[in-house]
Amino acid sequence: PFHYNLLMKAFSRAGNPDEVLRLFREMKESKCDPNVLCYTTVMDALVAANRSEEAENVFEQMIDSGVTPDAASFTVLVKFYSFYLKRFDSAYEIIRWMVRSGCDPDVVTYSTLITGLCWAGMVEEAWGVLDQMLQGKCAPNAHSYTPFLEAYCSQGKIEAAMRLMESMRSIGCPPDAVAYNILINGLCKHGYFDVVAHLLQNSVSDGWEPDAVTYNTYISRLCKVGRSGDAFKQLEIMLEKKLCPTIVTLNIVLDSICRESTVWEGNHLLERRLELGLDVDVVSYNTIMSRLCEIGKLSWVLKLFNDMFKKGISPNTETCNILIHSLCKAGNFRKAKCIFTSKGFFADIVTCNILIHEFYKAGKIDELHNLLSGMDMENIRPDTVTFNTIIDCLCRNGKFLEAIDFVRSVEDGYP
RNA sequence: CAUUUCCUGAGUCUCUUAA
């Protein structure tokens, strides 16, 4: 069981839930009874792949086979109810169940719920959970506060975020590099690059040390506002500080090069990756394929996809979305559908938005309706992009009355 | 039975869709 768990954990980290499931089956067939840790590993792998129904099944299996869940396994349930399904009533229900069964929720459980609530924009509710936590004599840590920082920053409430940083200090949870990274991301997003420069200068006296993520954040944001020259200066500083660039750093630079100069130069960087001591990953390929998709080079996209496969890098949902988009743009709906319906691929809302747009453009209204009802069955919830796409397409086709009806029909259900 | 070690859960950065 230990060794199986180690293996499963490795595949889970590599983002390969199917292999995790295969090992899990193999384990049970070889009469090696999984323990709580194994069940939790499997559940977490499934949740990370947004396959929560299957995770729920595994939890039930665990109960049925008489294995007692611990705080960690319950927390995985809280995680998928709050992070993915946003069903907070169910998350609270899990916590009540924990208390009833004598397995008290700990700081991780509460922090998970707080994170989910903050991501959903329910900041007030989240403060309530923090109170509940304090009443339950469970001491909060940095994980309990940073979700609030993130929420404030994304709402543009920079002042509130700064004030929270100060209170963290006085409460005895001084902000760490992660907290500063969240703040820096928020500051960059709202254009306060000068404030970021100051924070970096004062880091020693403020008691924190910038890490690779700090610079990745700063560099990426500078690139996004077209200041790639300044971004490269920061990359130099990062290297001078002996901070090792990560694969994310490489991907940020790659993205900037592909957008600003040519895909060709981006590809060139890929070939020189070894000099940096970094190996490319699925995101590197997605970055290039996406730019190729943009300029309509289907055959190049397919070639890179093959290269990627040969290197043993598994495609993720983004990869498949780029492929589907490229195929549709080239009018090859048949192949696109092949990917869409292939097992092992789990469509998300982005996949559906791409198809909705392409079906409209191609006038494939029947296909469109099939897709919409399929989304309903698969529980894929439309987002703002879905609605904007539909409205935009209706208007472009001159169907203004239909567009107006549509807006009215979704007015209350607008996400 | 105790003790020690190993294996499970939470926060920040990069890629995909509309305008």
(message) Check this for me: does the side-chain of Asp106(A) come within 3.5 Å of the base of rG9(B) through a donor and an acceptor?
(response) yes

(message) What's Ala142(A) touching, base or sugar-phosphate or nothing? Going by heavy atoms closer than 4.0 Å.
(response) base

(message) Among residues at least two apart in sequence or on other chains, which ones pass ring pair (Phe, Tyr, Trp, His ring centres under 6.0 Å) with Tyr180(A)?
(response) Trp208(A)

(request) Answer with base, sugar-phosphate or nothing: what part of the nucleic acid does Asp211(A) contact at a heavy-atom distance below 4.0 Å? (result) nothing

(request) Check side chain to side chain contact (heavy atoms under 4.5 Å, CB included) between Val195(A) and all other residues, then give those that pass, not counting sequence neighbours. (result) Met162(A), Leu187(A), Tyr192(A)

(message) Could you tell me how far apart Phe11(A) (CZ) and rU8(B) (P) are, to the nearest whole angstrom?
(response) 17 Å

(request) Pick base, sugar-phosphate or nothing for Thr112(A), based on heavy-atom distances below 4.0 Å to the nucleic acid. (result) sugar-phosphate

Could you pull out every donor-acceptor pair under 3.5 Å between side chains of residues 133-141 of chain A and any protein atom, sequence neighbours left out?
{"residue": "Asn141(A)", "atom": "OD1", "partner": "His143(A)", "partner atom": "N", "Å": "2.9"}
{"residue": "Asn141(A)", "atom": "OD1", "partner": "Ser144(A)", "partner atom": "N", "Å": "3.4"}
{"residue": "Asn141(A)", "atom": "OD1", "partner": "Ser144(A)", "partner atom": "OG", "Å": "3.3"}

(message) I need the CG-P distance between Leu149(A) and rC13(B), as an integer number of Å.
(response) 13 Å

(message) Can you measure Tyr84(A) atom OH to rG9(B) atom P for me and round it to whole angstrom units?
(response) 13 Å

(request) Using a 4.0 Å cut-off on protein heavy atoms (strictly under), produce a 5'-to-3' string for nucleotides 14-19 of chain B with B for base contact, S for backbone-only sugar-phosphate contact, and - for none. (result) BBBBBS

(message) What I'd like to find out is whether the side chain of Lys337(A) reaches to under 4.5 Å of the side chain of Glu367(A), using heavy atoms alone.
(response) yes

(message) My understanding is that only residues two or more places apart in sequence, or in another chain, count here; which of them pass side chain to side chain donor-acceptor pair (under 3.5 Å) with Glu294(A)?
(response) Arg291(A)

(message) Between P on rG9(B) and NZ on Lys79(A), what's the gap in Å once rounded to a whole number?
(response) 8 Å

(request) May I have the distance from Met165(A) (atom CE) to rG11(B) (atom P), rounded to whole angstrom? (result) 18 Å

(message) Give me the atom names and distance for the closest heavy-atom approach of Leu183(A) to Met165(A).
(response) CD2-CE, 3.9 Å

(message) For a quick check, with a 4.0 angstrom heavy-atom cut-off, what is the B/S/- contact string for nucleotides 1-7 of chain B, read 5' to 3'?
(response) ------B

(request) Measure from CZ on Phe83(A) to C1' on rU12(B) and round the result to the nearest Å. (result) 13 Å

(request) Pick base, sugar-phosphate or nothing for Ser144(A), based on heavy-atom distances below 4.0 Å to the nucleic acid. (result) nothing

(request) Can you sort out the partners of Glu318(A) under side chain to side chain contact (heavy atoms under 4.5 Å, CB included), two or more places apart, ordered by chain and number? (result) Asn286(A), Asn316(A)

Which donor-acceptor pairs under 3.5 Å do the side chains of residues 1-14 of chain A make with protein atoms, sequence neighbours left out?
{"residue": "Tyr4(A)", "atom": "OH", "partner": "Glu26(A)", "partner atom": "OE2", "Å": "3.0"}
{"residue": "Asn5(A)", "atom": "OD1", "partner": "Thr41(A)", "partner atom": "OG1", "Å": "2.6"}

(request) List the steps, then state whether side-chain contact (heavy atoms from CB on, under 4.5 Å) holds for Asn388(A) with Asp392(A). (result) CA-CA 6 Å; Asn388(A) 286 341; Asp392(A) 185 57; 5.8 Å; no

(message) Rounded to whole Å, how long is the line connecting atom CE of Met62(A) with atom C1' of rG9(B)?
(response) 11 Å

(request) With heavy atoms under 4.0 Å as the rule, sort Thr75(A) into base, sugar-phosphate or nothing. (result) base

Contacts table for residues 223-237 of chain A: side-chain donor-acceptor under 3.5 angstrom, sequence neighbours left out:
{"residue": "Arg227(A)", "atom": "NE", "partner": "Asp230(A)", "partner atom": "OD2", "Å": "2.9"}
{"residue": "Arg227(A)", "atom": "NH2", "partner": "Asp230(A)", "partner atom": "OD2", "Å": "3.1"}
{"residue": "Ser228(A)", "atom": "OG", "partner": "Glu260(A)", "partner atom": "OE1", "Å": "2.8"}
{"residue": "Ser228(A)", "atom": "OG", "partner": "Glu260(A)", "partner atom": "OE2", "Å": "3.4"}

(request) Starting at the 5' end of RNA chain B, write a dot or bracket for each base, bracketing those in Watson-Crick or G-U wobble pairs whose two distances are under 3.5 Å and using | for partners on another strand. (result) ...................

(message) Base, sugar-phosphate or nothing for Ala212(A)? Non-hydrogen atoms, less than 4.0 Å.
(response) nothing

(message) Rounded to whole Å, how long is the line connecting atom CE of Met238(A) with atom P of rC13(B)?
(response) 15 Å

(message) I'd like to check, for His143(A), whether its ring lies over the base of rA10(B) with centroids under 5.5 Å apart and a plane angle smaller than 30°.
(response) yes

(request) Go through the structure and list residues passing ring pair (Phe, Tyr, Trp, His ring centres under 6.0 Å) with Phe345(A), not counting sequence neighbours. (result) none

(request) Return the set of residues passing salt bridge (Lys or Arg N to Asp or Glu O under 4.0 Å) with Asp307(A) (not counting sequence neighbours), or none when no residue passes. (result) Lys303(A)

(message) So for Asn141(A) and rG11(B), does any side-chain atom that can act as donor or acceptor lie under 3.5 Å from a complementary atom in the base?
(response) no

